[in-house]
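Scroll down for the structure; my scribbles are underneath it.
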Amino acid sequence: MRSTGFRRTLIALSACSLALTACGGSNDDSAGGKTRITVNCMPPKSAKVDRQFFEEDIASFEKQNPDIDVVAHDAFPCQDPKTFDAKLAGGQMENVFYTYFTDARHVVDINQAADLTPYVKELKSYPTLQKQLRDIYTVDGKVYGIPRTGYSMGLIYNRKLFEKAGLDPDKPPMTWEEVRADAKKIAALGKGTVGYADYSAQNQGGWHFTAELYAQGGDVVSADGKKATIDTPAARAVLRNLHDMRWVDDSMGSKQLLVINDAQQMMGSGKLGMYLAAPDNIPILVKEKGGNYKDLAIAPMPGGKGTLIGGDGYMFQKKDTPAQIRAGLKWLDHMFLTPGKGFLGDYVRAKKNDAPVGLPEPRLFTGAADAKDQQIKKANANVPVDNYQTFLDGNQKLRMKIEPPHAQQIYSVLDGAVSAVLTKKDADIDQLIEDAAGKIDSILARG
């Protein structure tokens with residue numbers, strides 16, 4: 001799954017989600033002598049600041065490249081899973097189109113992605129991007145897409161509640177045993193305070209089960225993607241820990257079957273001690289849920305072994321011409337991939353418009369490019385960056401793992417296991433694991 005989306009606070013469905021024929025790409029790469037490209041994931045008009053930034057950046061790109069005409073389509077969500085394959089198969093996808101990391105191999109497998117390998121050397125930023133992110137869009141040695149953002153899961157916690165519970169907010173829990181102990185102390189504050197919350201509905205419980213299993217050093221599927229690998233002590237430990245926090249410690253509250261909005265609402269209102277999320281949750285907690293930046297911090301995934309990563313990028317329509325591919329790569333460099341500039345990186349502009357600057361992710365670049373990006377970000381930070389240092393330090397030691405293949409189907413299966421241990425005191429963990437493994441095997445066998 002994607003995280004909440006970096007600086008995405010969009011609220012309106014676009015016409016693209018409702019009428020495929022109105023928003024597709026074009027194989028006509030000329031417009032008045034210019035190379036014409038269609039692109040998507042432009043914020044809708046309801047997201048005024050982001051829309052303004054996006055339009056400003058397209059205008060400056062076209063001014064610098066008068067031979068390229070960019071036609072942007074707004075969309076929320078940037079990709080609708082219900083229509084994604086239909087748009088691809090029907091030739092209605094934009095020339096340069098948004099994808100989640102988990103889409104990359106699928107788009108290649110159904111032969112709907114342009115091979116960027118002969119052109120990627122023209123993308124100035126490409127060598128500066130993190131290799132593990134570049135590799136997500138590399139299939140059988142060929143490049144089929146360009147990463148735009150990345151996130152990794154961590155533990156968001158409320159510093160004020162830590163202090164009230166007699167805990168040190170500068171020393172967040174680093175193991176699941178410490179999470180459990182701290183959650184119990186926070187829940188003991190009473191008045192509806194919950195120590196730790198987790199999702200268990202709408203596939204989000206399966207998403208978090210996967211993240212927690214990675215944190216324990218486990219995997220959901222085998223390296224070849226053919227068999228479930230959850231029938232393990234690590235997977236049982238994930239469910240046992242949730243069960244015991246819920247029923248033995250009573251530190252997770254009585255209301256279960258939560259989704260992300262529930263946890264965000266609880267955290268923003270000051271009634272939740274900890275939950276798993278990516279850093280881009282923090283501005284949502286402040287701007288939409290009533291939280292305060294100074295009270296919110298993030299630590300690395302407990303366990304010290306791994307974390308789930310996700311993110312997004314752009315791929316190119318199979319029928320794009322060489323001119324459209326070259327134009328699209330130039331556009332990506334300008335919009336997203338130049339440190340300190342563009343839609344996601346112009347920290348000076350973001351600060352002037354009261355957008356959050358200084359969150360620990362996305363961290364897209366390496367080497368000198370990363371140093372430049374971080375220096376500009378730090379100089380313009382308007383959030384308490386010290387609250388995120390533990391997360392940054394801890395992430396350096398974790399194995400970064402992308403979501404499994406057929407993620408949404410697998411998450412739906414794992415949802416059942418997570419919801420069972422949180423709603424049934426006598427849930428049979430061994431049986432839940434065995435049943436889930438069999439169902440995942442069936443999903444993988446169907447391909």
Side-chain angles (χ1 to χ4, degrees), residues 1-10 39-41 43 50 75-81 84 96-108 113 116 120 123 125-126 128-139 143-154 156 203-204 207-208 210-211 214-215 260 276-284 298 300-301 306-316 332-333 335-339 342-345 356 359-366 369-370 373-374 377 388 391-392 395-396 398-405 407-408 411:
M1 302 183 81
R2 71 175 175 87
S3 186
T4 55
F6 183 67
R7 277 200 7 233
R8 286 186 211 122
T9 54
L10 318 182
V39 303
N40 64 2
C41 201
D50 281 354
F76 180 72
C78 288
Q79 181 214 106
D80 184 350
F84 183 70
V96 187
F97 59 94
Y98 174 95
T99 57
Y100 302 140
F101 283 173
T102 48
D103 296 318
R105 182 169 286 274
H106 170 66
V107 177
V108 174
L116 308 181
V120 77
L123 184 67
S125 61
Y126 193 71
T128 74
L129 305 179
Q130 288 191 41
K131 185 178 184 300
Q132 66 183 11
L133 302 184
R134 299 198 314 254
D135 287 349
I136 289 165
Y137 287 100
T138 303
V139 179
V143 178
Y144 289 97
I146 309 298
R148 182 188 77 150
T149 68
Y151 76 85
S152 61
M153 300 288 284
I156 291 182
N203 292 11
Q204 295 176 23
W207 177 34
H208 270 203
T210 300
Y214 288 174
I260 187 170
L276 299 181
D280 61 0
N281 269 232
I282 292 173
I284 292 175
I298 184 167
M301 283 291 287
T307 185
L308 182 149
I309 65 170
D312 57 52
Y314 278 90
M315 300 180 77
F316 288 62
L332 289 175
D333 250 338
M335 290 291 292
F336 307 117
L337 305 178
T338 302
F343 180 64
L344 300 179
L359 295 173
E361 290 182 326
R363 193 108 182 219
L364 188 63
F365 305 104
T366 59
D370 177 66
D373 187 65
Q374 294 302 310
K377 179 190 285 189
Y388 321 134
F391 173 81
L392 285 170
N395 259 15
Q396 303 301 313
L398 299 181
R399 180 182 64 154
M400 304 284 171
K401 277 191 61 64
I402 194 172
E403 297 171 86
Q408 294 307 317
Y411 292 163

Any side-chain heavy-atom pair of F101 and L133 under 4.5 Å: yes

Heavy-atom closest pair, residues A277 and I298: O-CD1, 3.9 Å

Derivation and outcome, side chain to side chain contact (heavy atoms under 4.5 Å, CB included), residues T307 and R399: CA-CA 6 Å; T307 185; R399 180 182 64 154; over 6 Å; no

Nearest heavy atoms of L398 and P300, plus distance in Å: CD1-CB, 4.2 Å

Interatomic spacing from CZ in F316 to CZ in F97 - rounded to 0.5 Å: 9.5 Å

Whether T366 side chain and T128 backbone form a donor-acceptor pair below 3.5 Å: yes

Heavy-atom donor-acceptor pair, N203 side chain to Y411 backbone, under 3.5 Å: no

Y100 side chain near H106 side chain, heavy-atom distance below 4.5 Å: no

Atom of R148, atom of Y98 and distance for their closest heavy-atom approach: NH2-CE1, 3.9 Å

Short side-chain to backbone donor-acceptor contact, Q79 and F84, under 3.5 Å: no

Under the ring pair (Phe, Tyr, Trp, His ring centres under 6.0 Å) test, residues paired with Y214 that sit two or more places apart: none

Of N281, D312, L308, I309, the residue whose pairing with Y151 passes side chain to side chain contact (heavy atoms under 4.5 Å, CB included): L308

Reported CZ-to-OG1 distance for the pair R105 and T138, which is rounded to 0.5 angstrom: 10.5 Å

Any side-chain heavy-atom pair of L116 and Y137 under 4.5 Å: no

Considering all heavy atoms, the nearest A215-M301 contact: CB-CE, 3.7 Å

Heavy-atom side-chain proximity of N395 to S152 below 4.5 angstrom: yes

Partners meeting side-chain contact (heavy atoms from CB on, under 4.5 Å) with R363 (sequence neighbours left out): Q130, D370, Q374, L392

Exercise: identify the closest heavy-atom pair between V108 and A113: CG2-CB, 4.3 Å

Residue pair L276 / W207, side-chain heavy-atom distance below 4.5 Å: no

Gap separating the CD1 atom of I156 from the CZ atom of F391, nearest 0.5 angstrom: 9.0 Å

Worked check of side chain to side chain contact (heavy atoms under 4.5 Å, CB included) between D50 and F343: CA-CA 8 Å; D50 281 354; F343 180 64; 4.1 Å; yes

Minimum side-chain heavy-atom gap F365-L129 below 4.5 Å: yes

Main-chain N/O of D333 paired to S125 side chain as donor or acceptor, under 3.5 Å: no

Nearest non-hydrogen partners of V96 and Y314, listed with the distance: CG1-CD2, 3.6 Å

Side chain to side chain, T149 and F336, heavy atoms closer than 4.5 Å: no

